[in-house]
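Notes to accompany the following structure.
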Amino acid sequence: MSALSKSLILFSFLLFLQTVEAKSFERRQRVIHIESETNWNTSWYSNSDGKRASLDKVIQSLKTSRTGKLILEKASLKARSVGLTLRDVIDVGNSSLTDTTLIRKFSPDNPGEIHYQTKSKVYLNKGLSFKDAVLDLAHELTHYSYRDPFNPYVSKFTVDQFVSSVIEGRGGEVDAYLIECRVLKELRPTSFNSSSNCKNVIDPISGEFSKELGIEKFYDVGQYFGNFDEILNKYGWKKTRFPKLGKGEALYISSAYGLPYPVAALSEFTTIMGKACENDYNRLAMMRDGLSTNSRFPASVAHGKFKSLYASYKTRCSQFRP
């Protein structure tokens, strides 16, 4: 091989290396540019941009996470199943939560025929940083997409089953937190490694996220153990129904109640059941008063419907009777 050929080969190789280095530097520059586009420490909600534009920025950022994209797609499918878009079910609020409204519809032709309908909406706390807004949206959309709404009028849930479903059930608090942590790790690994409670739910041996560890941590109530006992004593429930309850430091607090999740779930159950039982008590009173005057239905049918509702009321409302 001539000296000229060797020089040409060397020149071509050096030119190839320069091209690769230039492309590699360009890729690094692009990554730096993307990460600097949004300051995750500033407020996500901008009065000048308005509600829709502010929410769109959070949604687009969540979409850049693989896990976030999947939960957005799942939430979109659920919204479409009731004739809505994803944007229809997300709004701005004073706290981040998934609000589900239960609607009872009574048939005018049949007093025992009742139809139930639920409507859910996700609210994102307008006072959060951009980082926390992205994580909260992932968290709440997990509830929206996977959790089955609680119907206090027909549910067979006991208090311990309700608390369990809220914390460790499908789409419950542990599931939502694990999704939130996955999103943080995918979008901001440095933040995840340096200052996140998400490390508490990683198995030290496998290095993977652990739902079992999450359940253990979420049942810790720490200094709020007395609050839990107080509610149990008020309604005559035994503590043995909650074997997973722990006295460790309460690291995970419900934003809606400002309490550890077991205490918050217990409070939510008493509030929901108290209202539902009050409604049924009033309905029973109306049915009883109308038994002798209502000529639209045979007496045997009216009495049968009354007895059926009263039996359900007694089963569900022994601790909640007015």
Side-chain angles (χ1 to χ4, degrees), residues 38 40-47 49-59 61-62 68 71-72 75 78-79 84 86-102 118-150 152 162-163 165-167 169 171-181 183-184 191 195-198 214 217-218 220-224 227-228 231 250-272 274-275:
T38 302
W40 273 42
N41 295 319
T42 60
S43 174
W44 74 272
Y45 185 79
S46 167
N47 287 324
D49 288 343
K51 179 168 65 176
R52 186 171 188 86
S54 297
L55 283 170
D56 283 344
K57 287 181 181 179
V58 175
I59 292 170
S61 290
L62 180 58
I71 197 62
L72 283 167
K78 181 170 181 180
L84 301 173
L86 178 66
R87 289 295 285 104
D88 291 329
V89 300
I90 304 176
D91 208 343
V92 178
N94 293 321
S95 62
S96 296
L97 55 90
T98 302
D99 182 53
T100 299
T101 303
L102 176 67
T118 57
K119 293 182 178 180
S120 296
K121 190 140 190 168
V122 168
Y123 291 93
L124 197 58
N125 186 344
K126 68 187 300 183
L128 296 175
S129 68
F130 195 90
K131 168 191 170 184
D132 288 336
V134 171
L135 300 181
D136 269 23
L137 184 58
H139 185 112
E140 297 303 332
L141 287 180
T142 303
H143 291 326
Y144 172 78
S145 301
Y146 292 102
R147 188 163 61 186
D148 292 327
F150 172 61
F162 178 82
V163 172
S165 71
V166 167
I167 295 175
E173 295 301 336
V174 174
D175 281 352
Y177 187 67
L178 291 174
I179 291 293
E180 174 185 333
C181 288
V183 169
L184 177 61
S191 178
S195 61
S196 171
N197 277 335
C198 290
K217 297 296 183 183
F218 268 74
D220 280 335
V221 296
Q223 66 187 52
Y224 296 90
N227 300 68
F228 198 86
I231 300 174
L251 297 174
Y252 302 101
I253 305 295
S254 164
S255 60
Y257 286 86
L259 295 166
Y261 283 101
V263 187
L266 204 61
S267 299
E268 184 177 7
F269 183 77
T270 60
T271 300
I272 293 172
K275 186 60 180 176

[atom1] of [X] to [atom2] of [Y]: how many Å apart, nearest 0.5 Å?
X: His143; Y: Ile179; atom1: NE2; atom2: CD1; result: 11.0 Å
X: Asn197; Y: Leu184; atom1: CG; atom2: CG; result: 11.0 Å
X: Ser267; Y: Asn227; atom1: OG; atom2: CG; result: 8.0 Å
X: Ser165; Y: Phe269; atom1: OG; atom2: CZ; result: 9.5 Å
X: Asp88; Y: Lys121; atom1: CG; atom2: NZ; result: 7.0 Å
X: Glu140; Y: Ser255; atom1: CD; atom2: OG; result: 6.5 Å

Ring centres of Tyr261 and Phe218 under 6.0 Å apart? yes
I would like to know whether Leu55 and Leu124 meet side-chain contact (heavy atoms from CB on, under 4.5 Å); could you show each step before the answer? CA-CA 9 Å; Leu55 283 170; Leu124 197 58; 4.1 Å; yes
Sorted by chain and residue number, the salt bridge (charged side-chain N to carboxylate O under 4.0 Å, His left out) partners of Asp220 (sequence neighbours excluded) come out as none
A side-chain contact here means heavy atoms from C-beta on lying under 4.5 Å apart; do [X] and [Y] qualify?
X: Tyr177; Y: Lys217; result: no
X: Ile167; Y: Tyr252; result: no
X: Ser145; Y: Ile71; result: yes

By the definition side-chain contact (heavy atoms from CB on, under 4.5 Å), identify the one residue from Val122, Val89, Leu141 that meets it with Thr98. Val122
Return the minimal non-hydrogen interatomic distance between [X] and [Y], and the atom names on each side.
X: Ala138; Y: Val183; value: CB-CG2, 4.0 Å
X: Tyr123; Y: Val92; value: CD2-O, 3.7 Å
X: Lys78; Y: Arg147; value: NZ-O, 4.3 Å
X: Tyr224; Y: Pro260; value: CD1-CG, 3.4 Å
X: Thr100; Y: Pro149; value: CG2-CB, 4.0 Å
X: Ala79; Y: Leu86; value: CB-N, 4.0 Å

Between Asp56 and Arg87 (salt bridge meaning N to carboxylate O under 4.0 Å), is one present in this structure? yes
Trace of the salt bridge (Lys or Arg N to Asp or Glu O under 4.0 Å) decision for Lys51 with Asp91: CA-CA 8 Å; Lys51 179 168 65 176; Asp91 208 343; 3.1 Å; yes
Sequence neighbours left out, what passes side chain to side chain donor-acceptor pair (under 3.5 Å) with Lys57? Give chain and number order. Asp49
Between Lys275 and Thr270 (side chain of the first, backbone of the second, donor and acceptor by atom type, cut-off under 3.5 Å), is there such a pair? no
Do any N or O atoms from the side chain of Ser61 and from the backbone of Val58 form a donor-acceptor pair under 3.5 angstrom? no
Could you list the donor-acceptor pairs under 3.5 angstrom formed between side-chain atoms of residues 130-137 and any protein atom two or more places apart in sequence or on another chain?
residue, atom, partner, partner atom, Å
Lys131, NZ, Ser191, OG, 2.9
Asp132, OD2, Ser129, OG, 3.4
Asp136, OD2, Ser96, OG, 2.8

